[in-house]
Amino acid sequence: GPAGSLGQALVQGTDAPGDPAAVALLARRTRCGGEAPVLLCSGALIAPDVVLTAAHCLAVFGEEGPYEVFLGSTLLPEPGPGGRFVRVTRAVSHPRFVPATHLWDAALLRLAVPVTDVPPFRLPQEGDVPVAPGDVVRAVGYGDTKDAAHPMGQRRQGLLQVTGVTDSAFQAGPAPAMTCVGDSGGPVLGGPAGNEVLLGLTVSGDVACRTEAVQLRVDAPHPPRPRRRCPWTPSVRRPARATRTAPRACNASAPGMIRPGASCPRSRPGPTARPVRRTPPAERRACAPGWRWTGTPPAAASPPARPPSTR
């Protein structure tokens, strides 16, 4: 979660100088100098002008809030050499994000200026092996470290071992590192060195940041769109309509053979349509804000045993 929360972050890790596509999400500064950056979360560059992060990282200021990202290995206590800030022009959370369970906890950030000199993280493609229990993955983030020699705001990395996988997320334990506050939205990578793929984003874990981390799968299938309906729709009977068969001349003794001057029987009207439920435009506008689920939303299908903490 946002770095202002209680707890520690990517502990038992090491510096990550080789991951320039891992970025820090900040509250935008009002002045370019003399103002300490406010670290909110971590993020992953997936295109020259797009950063993927966790949706709960936008909880403080909302989608319309002032944001910027930092590219560089050292953000705090002061930005290190070679570091740079890029303004965020738009932030969009996943439409199915559920804060209480971290379901679909993802957001996209559009950058004002494309970053053309940093290769984005590689997204999963057809043929890539999906994450599985027992895999060792590598997490990267800017969170707190429990080590005074490595304060929060430095890009760090650490290894975790996958302990469980679902359709939309996977859990991991320390191997020996562990993510925590400030690492939310940071990339979790897997695969051979030199050809790593972005498997997930850090989204939550145990409060003590010692035993469990939860990651949103980047290759998760899109959730099915639930059916919606207005709470009240009048019943309208559709009038019967005749079929649109053009008249033609025919031969009664040899059906299908055309004979000049003969006439065919007129087409019979189609069957009476069944009543349909339709909302007139005026009433449709009136009831649109009150649309409700007709079934169980995906978020309520399998509630967790306990609410996880944010990173």
Practice item. Could you tell me whether the side chain of R155 and the main chain of D19 form a donor-acceptor pair under 3.5 Å? Key: yes

Check your understanding: Looking at residues at least two apart in the chain, or sitting in another chain, which of them share a salt bridge (charged side-chain N to carboxylate O under 4.0 Å, His left out) with D167?
Key -> none

Point to revise | Joint cluster assignment, V92 & L123, ILVMFWY side-chain distance < 4.5 Å | key: no

Review point. Backbone N or O of T211 within a donor-acceptor pair of the D206 side chain at under 3.5 Å?
Key: yes

**Study point:** Any residue meeting salt bridge (charged side-chain N to carboxylate O under 4.0 Å, His left out) with E63, in chain and number order, not counting sequence neighbours
**Key:** none

Practice item. Give a yes or no answer on whether the side chain of N195 reaches the backbone of P192 with a donor-acceptor pair at less than 3.5 Å. Key: no

Exercise for review: Decide yes or no on side chain to side chain contact (heavy atoms under 4.5 Å, CB included) for L189 and F121, but give the supporting numbers first.
Suggested key: CA-CA 9 Å; L189 309 165; F121 286 116; 3.7 Å; yes

Review point. Could you give the distance from NE2 (H94) to CH2 (W104), rounded to the nearest 0.5 Å?
Key: 5.5 Å

Revision key, fill the gap. From the list V214, D105, L160, V188, side-chain contact (heavy atoms from CB on, under 4.5 Å) with T202 holds only for V188

Revision key, fill the gap. Those residues at least two apart in sequence (or on a different chain) that pass side-chain contact (heavy atoms from CB on, under 4.5 Å) with P133 are V165

**Study point:** Interatomic distance, F170 atom CZ to T163 atom OG1 [nearest 0.5 angstrom]
**Key:** 10.0 Å

**Study point:** Closest contact, heavy atoms only, S184 versus V203
**Key:** OG-O, 3.8 Å

Check your understanding: Who are the side-chain hydrogen bond (donor to acceptor under 3.5 Å, both in side chains) partners of E196, not counting sequence neighbours?
Key -> R138

**Study point:** Side chains of S93 and L58 in contact at under 4.5 Å (non-hydrogen atoms)
**Key:** yes

N/O donor-acceptor pairs under 3.5 Å from side chains in residues 69-77, not counting sequence neighbours:
none

Point to revise | Hydrophobic cluster identity match, V86 and L40, side-chain contacts under 4.5 Å | key: yes

Point to revise | Pairwise side-chain contact, L26 with V38, heavy-atom cut-off 4.5 Å (strictly under) | key: no

Review point. What distance do C209 atom SG and M178 atom CE have between them, rounded to the nearest 0.5 Å?
Key: 8.5 Å

Check your understanding: Got L52 and L201 here, is their nearest side-chain heavy-atom distance under 4.5 Å?
Key -> yes

Point to revise | L45 side, atom CG; T53 side, atom OG1 - distance, nearest 0.5 Å | key: 12.0 Å

Check your understanding: P119: what forms a side-chain contact (heavy atoms from CB on, under 4.5 Å) with it, not counting sequence neighbours?
Key -> none

Check your understanding: Minimum heavy-atom separation for S168 to A220, with atom names?
Key -> CA-CB, 3.8 Å

Exercise for review: Give the cluster check for V50 versus F97: same hydrophobic cluster or not, with ILVMFWY residues linked at side-chain heavy-atom distances below 4.5 Å.
Suggested key: no

Review point. Under 4.5 Å between any side-chain heavy atoms of P124 and V197, yes or no?
Key: yes

Check your understanding: What distance separates T179 OG1 from E212 CD, expressed to the nearest 0.5 Å?
Key -> 10.0 Å

Check your understanding: What are the two closest heavy atoms between A22 and P187, and how far apart are they?
Key -> CB-CG, 4.0 Å

Practice item. Go through the steps for L199 and V137 under the test side chain to side chain contact (heavy atoms under 4.5 Å, CB included), then give the verdict. Key: CA-CA 9 Å; L199 296 176; V137 296; 3.8 Å; yes

**Study point:** Any donor-acceptor N/O pair, D183 side chain to C41 backbone, under 3.5 Å
**Key:** no

Practice item. Using salt bridge (charged side-chain N to carboxylate O under 4.0 Å, His left out) as the criterion, list what pairs up with D49, not counting sequence neighbours. Key: R110

Review point. Closest approach of V23 and A44, non-hydrogen atoms and distance?
Key: CG2-N, 4.3 Å

Review point. Looking at residues at least two apart in the chain, or sitting in another chain, which of them share a salt bridge (charged side-chain N to carboxylate O under 4.0 Å, His left out) with R84?
Key: D117

Exercise for review: Please list, chain by chain and in numerical order, all residues satisfying side-chain hydrogen bond (donor to acceptor under 3.5 Å, both in side chains) with Q171, sequence neighbours excluded.
Suggested key: none

Check your understanding: For the atom pair CG (L25) and CD (E68), what is the distance rounded to the nearest 0.5 Å?
Key -> 9.0 Å

Review point. Who pairs with R87 by side-chain contact (heavy atoms from CB on, under 4.5 Å), at least two apart in sequence or on another chain?
Key: R28, T89, A112

Check your understanding: Is a side-chain N or O of S42 found less than 3.5 angstrom from the main chain of Y142, in a donor-acceptor match?
Key -> yes

Check your understanding: For residues 119-133, which residue pairs qualify under salt bridge (charged side-chain N to carboxylate O under 4.0 Å, His left out), counting only residues two or more places apart or in two chains?
Key -> R122-D128

Review point. Would a 4.5 Å heavy-atom cut-off, applied to side chains only, mark V88 and L111 as touching?
Key: yes

Check your understanding: Do any pairs count as a salt bridge (charged side-chain N to carboxylate O under 4.0 Å, His left out) and have a residue in residues 173-182, sequence neighbours left out, and if so which ones?
Key -> none

